[in-house]
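Reviewing the structure listed below.
Throughout, protein chains are lettered first and strands after them, A, B, ... in sequence-line order, and every chain is numbered starting at 1.
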Amino acid sequence: MQVRGMAQRMQQLGTETAFEVLARARALEAEGRSIVHLEIGEPDFDTADFIREAAKAALDRGETHYVPTAGLRELREAIAASIHSSRGVLVDPRRVLVTPGAKPIMFYTVLATAGPGDEVIYPDPGFPIYSSVVRFAGATAVPLPLRESNGFRVDPDELAALCTSRTRLVILNSPGNPTGAVSTDEELAAIARVAERWDAYVLSDEIYRPIAYEGPAPSFYAQAGMPARTILLDGFSKIYAMTGWRLGFGVFPPELVAGVERLIVNSVSCTAPFVQRGGIAALTGSQAPSVAMVEAFRQRRDFLVQALGEIPGLHCLVPQGAFYAFPRIDRFGTSQEVERGLLQEAGVAVLAGTAFGEAGEGYVRLSYANSLENLHEAVERIRRWCRDR
Amino acid sequence: MELSARLRAMAPSPTLALDQKVKARIKRGERVTPFHLGEPDFDTPVAAAQAAIDAIHAGKTHYTQAAGIPELRAAVAGKLRRDQGLAYAPEDVLVSVGAKHSLYNLFMTVLDPGDEVVIPSPYWVTYPDQVRLTGAIPVIVPCGPDTGYKLTAAALKEALGPRTRAVVLNSPQNPTGAVYTRQELEDLARVIVGHPDLLVVSDEIYEKLVYGTSTHTSIASLGPEIFARTVVVNGCSKAYAMTGWRIGYMAGPRPIIQAAGDFQSQVTSNPTSIAQWAAVEAIAGDQSPVEAMRRAFDRRRQLMVEHLSAIEDVTVMDPGGAFYCFPDVSRRLQRPVLGRMLSSSAELAELLLEEAQVSTVPGEAFGAPGHLRLSYACDDDTIREGVGRMRDLLAR
Ligand SMILES: Cc1ncc(COP(=O)(O)O)c(C=O)c1O
Ligand SMILES: Cc1ncc(COP(=O)(O)O)c(C=O)c1O
């Protein structure tokens, strides 16, 4: 075949290891091995019935044609109302842009704010897509180390030390993937001062915000003055167990709205209307299924963290949010070695901390979006593996 | 704080203002004949909608493989074999959030800044916009009524240079309805395979909507050499009236498909799981709703052409496909309308909206001033009445 190689920028594209580990785990299962899946970042719950019914009703009404790029007006209004009630921030619905999942918001935000010569600071360990899209956009990705000694929370002073006149964007994610860390209000306020000092945009990924165990997680978006320079990223995948539906949104400072809308027009056109109807139902209907889900996650977290802590040589902070545990495993090998060993020898699929950045070395991520029964089994297998190591 | 250079370089749509006027009128409940619309007025086939509802009930609401569920990739590979005789494996297929998204992923994957992409005009405006977003350069090749608005092999040859990376073909074509013959595609294919590294992006989204003696041929089917150079883009929007579901796909050389799949996985993840199940049914299931829709479009097409042809100084080509007429109004612009000389088809489109409540898209939106695009995705009476009002206005 004669086709030339790919565009240069493709070399900058990272990988999302979760899918590779999943594929390896599936291959082992195909050989008859039993694997406990703790590598996947999605709730094991199903979407609530009333949300599904709303989508089905939209299909019955024939809501299957093109709709406005920015999203249905009713959904944008419902989102603005929910931000008001959850964060006390008044949002003009015209600044809300709806997309097929929250992930596209990361890419659009980086494309809209940063280019060659610009620096973007991202959390490390953090969601791997951040650094990948920054490099893809030709900007310089600057890792902000999150340290276990600081509970994996952003240290505002360390952030300030990394900022320069080239810093265009700072990415925050609290509660955080992969650590479950939740920044305090004081820390967020200090980060806000840093962003102001350097006149940087902030992408605040708050997709795990409702999944917090020690009282509500503070919101960066709610910090005074921050909506003017912050892109709020949020979505329906996690709290409403709607990963496959693909529904997320960004709330943008006014000067970015038209440009990002044009990026959406030129890439996906719009988000499926019946999916958006499901989203409206999710926001305006009963929150009981979400509350029950978070409660289930809490029980699993309590069990998992305590049980992991009892394994000699393994150390696990108590995650305050999201549905991940991030134990230190450096006694047993590198992150990659432990990931491989646990999968091949113990039959537990986890992700190496390095899948989330260099600072993840020495750790693995376990998702507890799985039943208590499976978590018991996983801990047993990990315990035996660590003992024999 | 300012926008990235990339964003600042994105020109606003030339027809945005008109677009907003039309929307505002419709919102106010004013009567507007909607010849501007770019989607079928039919509903999703019942079986496809049912497949979606079944998927919802079955809880198929979790992340899927980013490139699409295996069932859909297999259905698309099967369809391309069934309808175009193309031998793709499911792994050669990437499912995306609409055909527009397929094109976006493809351009992002293969184009470097400074690369050139040949785009025949009239064009669907998304092509040059998406190409520019990658930093590559659209090379527009005007194709007029003399060649049926189609790119000739000679014109293509002329446009190729050392940095040409791709050529975009769209047959049946938006906005003209032009359909390339097999012979024309063979001539183009010969030029393409003779130019190293050149890819063809073949947008076949209107494939099912062809009329009269026109037939659809995929350039990829014209031999192994051109097959290896082609990325076929298609989707559910037009063939199955499924625009809002957002399911499109591309098939092509595996390294490109894999790389585009990696890109999609990073920035979007999978298209809506439920919509994918609907698409499996639409593509692999009973195809009779497609033919019913095509027949209805064919009747409307003849009606619209007949009525447009009756307007003085307006010439219209008989469109062989899609659901648009693209009349040439440049002769009519040489005389005053309502006592006023108009300088462009854009002004005429505005006047038609203001004075005749007929909404059209001016040729400027497609890089072809002097024309109007009228969609016949509406019923017979609307066509008669709307074109009638247009004729009355243009007679004054
Ligand atoms: C931190 C974080 N942000 C955003 C997302 C994206 O979610 P989605 O695109 O499904 O809305 C995820 C999903 O894994 C995530 O972990
Ligand atoms: C020529 C052409 N290609 C592709 C598309 C994209 O369709 P979709 O993204 O809905 O699949 C359109 C829609 O207007 C079109 O006219």
Side-chain angles (χ1 to χ4, degrees), chain A residues 1-4 6-10 13-16 19 42 46-47 52 55-56 59-60 62-67 100-101 103-104 106-107 111-115 118 129 132-133 136-137 199 201 229 241-246 253 255-256 259 262-263 266-275, chain B residues 1 3-8 10 12 38-39 43-44 49 52-53 56-57 59-66 97-98 100-101 104 108-112 126 129-130 133-134 165 196-197 199 228-229 241-246 253 255-256 259 262-263 265-275:
Chain A
M1 198 194 53
Q2 279 186 30
V3 292
R4 196 187 66 183
M6 305 303 143
Q8 294 275 325
R9 67 174 80 79
M10 288 301 287
L13 208 58
T15 51
E16 215 178 336
F19 295 110
E42 71 173 322
D46 280 332
T47 311
R52 298 199 249 174
K56 182 176 167 302
L59 288 177
D60 289 339
E63 288 198 45
T64 54
H65 294 270
Y66 288 131
V67 288
K103 212 183 220 182
M106 298 171 195
F107 189 52
L111 281 186
T113 57
D118 295 329
I129 302 303
S132 175
V133 296
F136 192 83
D199 195 19
Y201 282 114
R229 64 175 65 251
M242 289 177 72
T243 50
W245 296 75
R246 309 312 299 133
E255 71 276 14
L256 294 181
R262 279 185 62 72
L263 286 173
N266 277 306
S267 51
V268 296
S269 284
C270 62
T271 303
F274 61 91
V275 171
Chain B
M1 286 178 286
L3 302 186
S4 65
R6 191 180 291 113
L7 222 58
R8 275 180 276 131
M10 285 200 308
E39 64 175 323
D43 279 329
T44 299
I53 290 168
I56 291 175
H57 283 308
K60 291 176 176 166
T61 53
H62 295 270
Y63 287 129
T64 76
Q65 294 85 342
V97 185
K100 190 189 264 185
H101 193 224
Y104 177 77
M108 278 291 191
T109 302
V110 300
L111 297 180
D112 275 319
T126 295
D129 281 352
Q130 288 185 340
L133 264 178
T134 70
R165 177 71 174 111
D197 295 335
L199 276 179
R229 297 292 198 88
M242 289 175 66
T243 51
W245 297 79
R246 310 311 302 129
I256 293 180
D262 288 345
F263 173 68
S265 159
Q266 293 264 311
V267 308
T268 318
S269 304
N270 59 276
T272 301
S273 53
I274 299 155

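A 4.5 Å side-chain heavy-atom check between B:I56 and A:T47 finds every atom pair outside the cut-off. Residues B:T268 and A:F107 have side chains not in contact (no heavy-atom distance under 4.5 Å, counting atoms from C-beta outward). You'll find the side chain of A:V133 reaches within 4.5 Å of the side chain of B:V267, heavy atoms only.
Counting heavy-atom pairs closer than 4.5 Å to chain B, the top residue among A:V67, A:L111, A:I129, A:L59 is A:L111. The candidate with the highest count of non-hydrogen atom pairs below 4.5 Å against chain A, out of B:M108, B:Q266, B:K100, B:R246, is B:Q266. Ranked by heavy-atom pairs under 4.5 Å with chain A, the first of B:I274, B:T44, B:N270, B:D262 is B:N270. Of the residues considered (A:A272, A:S267, A:G101), A:S267 shows the highest number of contacts with chain B, using heavy-atom pairs under 4.5 Å.
Using a 4.5 Å cut-off between heavy atoms, A:D60 contacts chain B through its side chain alone, with no backbone atom that close. For B:L133, the part lying near chain A is the side chain, with the backbone staying farther off; criterion is any non-hydrogen pair under 4.5 Å. Heavy-atom distances place the side chain of A:M10, and not its backbone, under 4.5 Å from chain B.
The two residues B:D43 and A:H65 have their closest heavy-atom pair at OD1-NE2, 3.4 Å.
Partners of A:V268 according to the side-chain contact (heavy atoms from CB on, under 4.5 Å) rule, which considers only residues two or more places apart in sequence or in another chain, are A:P100, A:Y108, A:I264, B:V97, B:H101. By the side-chain contact (heavy atoms from CB on, under 4.5 Å) test, B:A66 is found to be paired with B:S265, residues two or more places apart in sequence or in another chain being considered.
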